[in-house]
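Hydrogens, waters and symmetry mates are skipped; everything else that's a heavy atom, side chains included, is used. To find a chain, count down the sequence lines: A is the first, B the second, and so on, and within it residues start at 1.
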Amino acid sequence: MDERITQDARHFIDSVSRFVKDECMPVEDSIEETGRLPEALVRTMRDMGLFGLRIPSEYGGAGMNLLDYCYVLKELSKSHDAIRAIMSVNNGIGSMAIVNEGTEEQKRHYLPLLASGEYIASFALTEPGAGSDASALTTMAERTEKGWVLNGMKHFITNAPIADIFTVIALTDKEKRAKGGISAFLVDKGSRGLRIGNVHSTMGGKGWLQAEVIFEDCLVPDAGLLGMPGSGFRIAMKTLNEGRLSAAASAIGIGERLLSMGVEYAKLRKQFGKPIAEFEAIQWMLADSATELYAADRMLADTASRFDHGEDIRTHSSMTKLFATEAAFRVADRVLQLHGGMGFMKETKIERLFRDIRAYRIFEGTSEIQRFMIARELLKD
Amino acid sequence: MKILVTIKRVSDPEAKLKIRPDGTGIQTEGVKFVVNPFDEIAVEEALRIKEKHTGEVVVVSIGDKVVTEQIRAALAMGVDRGIFVNYTGSYDSYDVAGILAKVVEQEQPDIIILGKQAVDDDMGQAGFMLAEMLGYPQAAFASKVEISDDKKTAKVTREIDGGLETKEVGLPCIITADLRLNTPRYASLPNIMKAKQKPVKEVTVDALGAVVKPHVTIKKLTEPPKRKGGVKVESVQDLVGKLKNEAKVL
C-alpha cells in the first residue's frame with residue numbers, strides 16, 4: 001500500500017476489506033437481481049462511517065483526505081457497484097459544494113445528516129442537452145420576491161429516487177452563461193414543483209439508481225442558494241475534478257478483483273493436460289493487466305496526493321480517470337476472454353463486472369472529453 | 001461493570017504460512033497479523049454487555065511492542081482502554097494464565113472473557129488455567145451470554161453434541177467465546193480515530209509479579225504430509241474391497 005496513506009486509513013481499509021468479503025460479496029447477486037441494497041447492509045455502512053469519510057469532522061464526518069478516501073473507495077468497489085454508488089455521492093459531488101461554498105447554517109443543517117447517511121445526496125447537473133458542455137444548461141432559476149423559481153429537466157441523476165437533498169446547477173443569466181450566469185442551489189426532497197421522472201433502465205450499474213429530475217415552478221427560498229449567484233459553473237467544475245479521481249479509484253478496485261479472478265481461474269482450468277496459466281497467451285493477458293493496473297494505481301496515488309497538497313489537478317485527474325477506466329476495461333475484457341465460455345455465464349459474475357466497468361469510460365466525463373481537456377491544457381497559449 | 005478481555009496477536013488465518021527452514025517457527029516476513037478471531041468475538045461480546053449494562057471494557061495483550069497494533073484494533077471497536085504486558089521471551093499457556101491472573105488481581109473485573117483458543121497454536125488452555133488459578137467459576141465455549149439484571153450472575157449457553165447446555169455462574173467469572181457467540185462489528189473510521197486518544201498502559205511481567213517458566217517448549221514444526229490424489233472406483237464391490245484391503249477400515 002502507498003506509504004503516504006495514513007495509519008488510520010490503513011486500519012480502516014482492512015475493516016472495509018473484511019466488510020466487502022463477508023457482507024457484500026454474499027449479497028451481490030441478489031443486489032443485481034432485485035436492484036436493491038439490503039437495508040441491513042446500508043445500516044452497517046452507516047455505522048462504519050462510510051457516508052461521511054470526506055465531510056469535515058466538525059460536521060460529523062471523518063475529514064479524510066482525498067488520497068485515503070480513494071483507497072477506501074477502491075476497496076469498497078470490489079463487490080457490487082451499487083454499494084459504491086450509494087456512499088460516493090454523499091462523500092463527493094453531493095456534499096462537496098456544501099463543504100466548499102455553503103454558509104455556516106447550510107453546513108450545520110445538511111452535513112451531519114449526510115455524514116451519518118441519514119440523508120442521501122444527489123448532484124443534478126446533466127441535462128439532455130448539456131453533458132460535458134455544462135455551459136449549455138437550459139434549467140432556469142429565476143429570481144422572484146419569494147425566492148428562486150426553477151424550471152427545467154435533469155437526467156441521468158444518480159440517487160435521485162432516494163435522495164433527500166439535491167445540489168442543482170441552473171442558469172440564472174442566459175446572457176452570461178458559464179461566465180457568471182450559472183448558480184448552484186440546494187433543493188430538499190418533497191419541495192413543491194420538484195418531481196422525479198423516469199428511472200433509467202441501464203446496461204450495467206443495477207441498483208445504482210439514476211433518474212430524471214424535473215422542476216416545474218419549483219420554489220427555492222433564498223437560503224437555498226449555494227455560494228454567490230453566478231458561481232455555479234466554477235462550483236460544478238471543481239466538484240467534477242474530485243469525481244474523476246473517485247471514478248478512477250473504483251475502476252482500479254474492480255480491475256484488481258477481475259485480475260485476481262483471472263489468476264485463480266488460469267491456475268485451475270486445465271486444457272491439453274495442463275493449467276491454462278502455462279500458456280503464454282494467457283500469461284501475457286495477466287501480465288499486461290497487472291502492469292496496467294499498477295500504472296493506474298500509481299497515477300491515482302500521485303494525483304490524489306497532489307490534490308491534498310493543494311495543487312491544481314485538473315489535467316492530472318483527467319489523465320488518471322482516462323487511463324484507469326480504459327485500463328480496467330481492458331482487464332475486464334481479457335479476464336472474460338481467458339475464462340472462455342465460462343466468462344459469458346452469469347454465474348461467474350464477470351459479465352456483470354464487464355457491464356459495470358463499461359460505464360466508467362462514460363460517466364464523470366467520457367474518455368474523449370478527458371483527452372479533449374488534457375490536449376486543451378497542452379495546447380493553450 | 002468491568003469486563004476484561006484478553007487478545008492475542010496471531011497470523012492472519014487466511015495467510016499461507018511457511019515453516020522456517022530450521023523448524024522453530026513460521027516465517028513471519030510478509031505475513032499479516034490480526035487479532036485472534038475468537039478474541040475478536042470476546043471483545044464484541046464484552047462491548048454488547050457494556051452497551052446493555054453500562055461499564056468499562058479493558059483489553060490485555062502479552063508480547064513485544066507489535067501487539068499494541070492489536071490492542072489499537074480492539075480500541076477501535078469500542079474498547080475503553082488497553083493493557084500491554086511487555087514480554088519478549090517464550091511462554092506457554094500456563095505462563096499466560098499466570099500473567100493474566102496478576103492482571104485480574106490488579107483490575108478486579110466482574111467478567112473475564114477470552115477466546116476459546118488462539119488460531120495459531122490451538123492450545124485452548126489459558127481460560128481453564130486462569131479460572132483454576134483465581135478460583136473463579138468458568139463457562140467455556142459460550143454460544144450465548146446473558147447477564148442477570150442484578151449483575152450477580154451470568155447465564156452461559158454452549159453447544160454440545162445433540163443440543164445446548166446452559167449453566168449459571170456467579171460473578172466474577174471466566175467465559176471463553178466460541179465461534180457462534182456473535183459477529184464482531186467492523187471498526188468505523190471515527191472509532192479508529194478516537195482509539196488513538198485512548199489510554200494503553202504498559203506493564204512488565206516483573207512489575208506484575210508474575211513468573212514465566214515455560215513447561216512446554218516447541219521442539220520442531222513440520223508441515224502436514226502431502227495428500228495423495230484420489231482414485232475413481234468402478235463399482236460398489238471395488239469400493240468395499242479397497243476399504244477392506246487398502247484402507248483397512250472395514
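- Between B/E40 and A/R18 there is a salt bridge, since at least one side-chain N of the basic residue sits less than 4.0 Å from a carboxylate O of the acidic one.
- Geometric assessment of B/K8 against the ring of B/F38 yields a negative cation-pi assignment under the 6.0 Å and 45° thresholds.
- Between A/D302 and A/R306, at least one side-chain nitrogen of the basic residue sits less than 4.0 Å from a carboxylate oxygen of the acidic one, meeting the salt-bridge criterion.
- When heavy atoms are compared at a cutoff of 4.5 Å, A/D47 approaches chain B solely by way of its backbone atoms N, CA, C and O.
- Of the listed residues (A/H11, A/M64, A/E23), the greatest number of heavy-atom pairs within a distance under 4.5 Å of chain B belongs to A/H11.
- Most heavy-atom pairs under 4.5 Å with chain B: of the set A/V72, A/L50, A/D14, A/T44, this distinction falls to A/D14.
- Contact annotation for A/T6: neither backbone nor side-chain heavy atoms come within less than 4.5 Å of a heavy atom of chain B.
- For B/A73, the parts sitting under 4.5 Å from any heavy atom of chain A are the backbone and the side chain alike.
- With salt bridges taken as basic N to acidic carboxylate O contacts below 4.0 Å, one links A/R54 and A/E242.
- We find that B/E56 and B/R81 are joined by a salt bridge, their nearest charged nitrogen and carboxylate oxygen being less than 4.0 Å apart.
- When heavy atoms are compared at a cutoff of 4.5 Å, A/Q7 does not approach chain B at all.
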